[in-house]
Visitor: 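Provided herewith is a single structure, encoded as structure tokens, for subsequent inquiry.
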Amino acid sequence: MTSQLLADLEWRGLIAQTTDREELTKDLNSKPLKFYIGFDPTAPSLHVGNLVVILVMRRFQLAGHLPIALVGGATGLVGDPSGRNEERTLNDESVVEQWVGNIRSQLERFLDFNSGKSAAVMANNLDWTKPVSALEFLRDIGKHFSVNQMLAKDSVSSRLESGGISYTEFSYQVLQAFDYLELYRRDNCRLQLGGSDQWGNIVAGLDLIRKVESRSAHAFTIPLMAKSDGSKFGKTAGGSVWLDSEMTSPYAFFQFWINTDDADVEKYLKVFSFKDRSEIERLIETVKVNPGAREAQRELAREITSLVHGADQCAKVEAASLALFGQGDLSALDEKTLAAALAQLPKVSINKGEAFPTWVDLLAATGVVDSKSAARRIVKENGAYLNNEKITGEDFAPTKADLIHGRFLVLRKGKRDLASVELI
RNA sequence: GGCGGGUUGCCCGAGCGGCCAAUGGGAGGGGACUGUAAAUCCCCCGGCUCUGCCUUCGAAGGUUCAAAUCCUUCACCCGCCA
């Protein structure tokens with residue numbers, strides 16, 4: 001099983017760089033290896049981009065290795081310069097602390113923390129970083145770092161060219177190296193995984209371990225997810241696709257995957273799916289033979305949504321997706337099905353007895369557009385629909401007769417942006 | 001510390017006293033074609049009680065009938081010199 005891990009990861013395109021491959025293979029095959037990945041609290045929630053790395057972690061655990069999920073309570077206070085051409089704004093300690101909590105509970109969904117000896121464990125680098133004084137840090141850790149080497153790191157040198165870097169962010173790699181050393185010492189953790197932008201930081205840890213402990217450890221990086229059209233993975237019009245259901249609804253999450261480009265679906269399946277290789281290859285084939293059916297996208301959406309939001313929630317949103325996109329005549333849906341589907345959408349209520357607002361006002365109220373001007377524009381551009389029927393005229397207002405099952409209106413903006421209105 | 005240059009709408013970037021809600025590109029949105037895909041083409045893209053009004057061009061004051069455009073102070077950035 002283990003011996004196939006690297007080969008499988010390779011096939012999935014999940015290996016960017018590793019330290020000595022032979023050594024790593026040997027170590028992975030000989031016994032369960034402790035490994036870690038760090039997640040810095042830079043937002044209230046993890047997003048689909050993080051999922052790539054989390055799922056690699058899961059693959060390692062499934063292959064018998066022991067994950068340490070590290071939350072960056074300390075590093076999150078400092079800010080990683082990697083991949084940024086601008087200094088970060090420091091976040092308040094209380095905010096970071098809250099984000100640490102959020103990230104912890106999200107990570108718990110993807111790893112097994114309960115099965116005795118092989119269980120994953122959680123760690124927070126604030127636990128060992130906070131007690132260290134600045135003087136101790138400079139003398140015990142800082143002494144092992146050459147500024148020349150630190151400056152040579154991509155994350156730093158690119159910043160030197162693009163406007164500079166503060167001492168705070170410059171120190172980031174030292175902090176992360178300290179984490180690796182600490183985990184090596186206390187848990188004999190000998191492998192660190194991360195996105196490919198983390199290579200420099202990870203290697204800084206390896207160097208530190210070599211200098212202080214005279215021992216070697218491993219680094220493994222995962223390619224950054226890229227879309228075929230060059231745009232950034234994990235972003236939609238509304239911003240990032242978050243794992244938190246309050247920030248990205250499960251319905252929107254499902255839609256994100258359903259709308260995957262044909263050109264990307266093969267890559268996504270390999271990266272995100274836990275289906276076996278033959279099943280994935282079969283799905284890839286369906287994209288070539290009958291792309292219009294979008295079977296691969298559907299399977300992908302189903303699997304990832306189930307994993308992140310649970311099978312029940314996934315079933316609900318998929319039903320909603322099918323109901324709302326399946327047919328033109330919404331009134332043909334029975335009330336229960338429609339109600340369940342609409343519950344997944346942004347919604348607004350209107351009170352019985354009050355006059356019906358205009359379509360423009362309703363759409364603006366759902367938050368699907370930012371302003372009434374934007375809603376008006378949609379009408380003008382012929383992208384406004386009520387119950388799947390195109391409407392015209394900026395002052396168009398629905399009437400009682402438009403209510404489906406006496407309660408619902410379905411607003412649509414363009415081809416696929418839906419919202420619901422309920423009479424209460 | 002001295003001298004010079006900069007700060008414009010989501011991003012990049014023109015404008016340098018009235019014709020400016022502000023050229024152009026990108027991102028984004030709508031339409032056509034499709035498959036809730038991509039590419040392509042067309043249109044749109046500050047807000048509102050929308051033939052008009054309101055708020056924007058780093059911040060605050062000022063000059064003027066009129067300022068993104070001129071002046072003053074402040075903040076931040078970038079160069080060159082020390």
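Just so you know, these numbers use all the heavy atoms, side chains as well, and skip hydrogens, waters and symmetry mates. So you know, we letter chains A, B, ... as the sequences are listed, proteins then strands, and number each from 1.
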Visitor: Please state the P separation for the pair B:U72 and B:C3 - nearest whole angstrom.
Guide: 14 Å
Visitor: Using the P atom as the point on both nucleotides, what is the distance between B:A14 and B:U7, in whole Å?
Guide: 8 Å
Visitor: Going by atom types only, do A:T260 and A:Q297 share a side-chain donor-acceptor pair under 3.5 Å?
Guide: no
Visitor: Is a donor from one side chain sitting under 3.5 angstrom from an acceptor on the other, for A:Q176 and A:Q198?
Guide: yes
Visitor: Is there a Watson-Crick or G-U wobble partner for B:U72 with both distances under 3.5 Å, and which nucleotide is it?
Guide: B:A60
Visitor: Taking donor-acceptor contacts at under 3.5 Å, does the side chain of A:D262 reach the base of B:G35?
Guide: yes
Visitor: Measuring to OP1 and OP2 of B:C43, would you say a side-chain N or O of A:R377 lies under 4.0 angstrom away?
Guide: no
Visitor: Is there a side-chain contact between A:T129 and A:D179 in this structure, where contact means two heavy atoms from C-beta onward sitting under 4.5 Å apart?
Guide: yes
Visitor: Can the ring centres of A:F325 and A:F254 be said to be less than 6.0 Å apart?
Guide: no
Visitor: Look through every strand shown and name the nucleotide pairing with B:G28 as Watson-Crick or G-U wobble, where both distances are under 3.5 Å.
Guide: B:C44
Visitor: Ignoring backbone atoms, establish whether A:K380 has a side-chain N or O less than 4.0 Å from OP1 or OP2 of B:C45.
Guide: no
Visitor: Would the base of B:U49 count as contacting A:K372 through its side chain, where contact means a donor and an acceptor less than 3.5 Å apart?
Guide: no
Visitor: Residues from residues 251-258 of chain A sitting under 4.0 Å of RNA chain B, heavy atoms only?
Guide: A:Q255, A:I258
Visitor: Measuring from the side chain of A:K413 (C-beta onward, heavy atoms only), which nucleotide among B:G29, B:G31, B:A37 has the closest atom?
Guide: B:G29
Visitor: Measuring from the side chain of A:R298 (C-beta onward, heavy atoms only), which nucleotide among B:U36, B:A37, B:G30 has the closest atom?
Guide: B:U36
Visitor: Does one side chain, of A:Q255 or A:S321, offer a donor that lies under 3.5 Å from an acceptor on the other?
Guide: yes
Visitor: Would you say A:Y385 reaches B:G31's phosphate, i.e. side-chain N/O to OP1/OP2 under 4.0 Å?
Guide: yes
Visitor: With both distances under 3.5 Å as the test, what is the Watson-Crick or G-U wobble partner of B:C80?
Guide: B:G2
Visitor: Is A:D370 atom CG crowded by more than 12 heavy atoms from other residues, nucleotides or ligands, each under 6.0 Å away?
Guide: no
Visitor: Under 6.0 Å between ring centres, would you say that holds for A:F253 and A:W242?
Guide: no
Visitor: Give a yes/no on whether any side-chain N or O of A:S321 is located under 4.0 angstrom from OP1 or OP2 of B:U36.
Guide: no
Visitor: Watson-Crick or G-U wobble partner for B:A21, using a 3.5 Å limit on both distances?
Guide: none
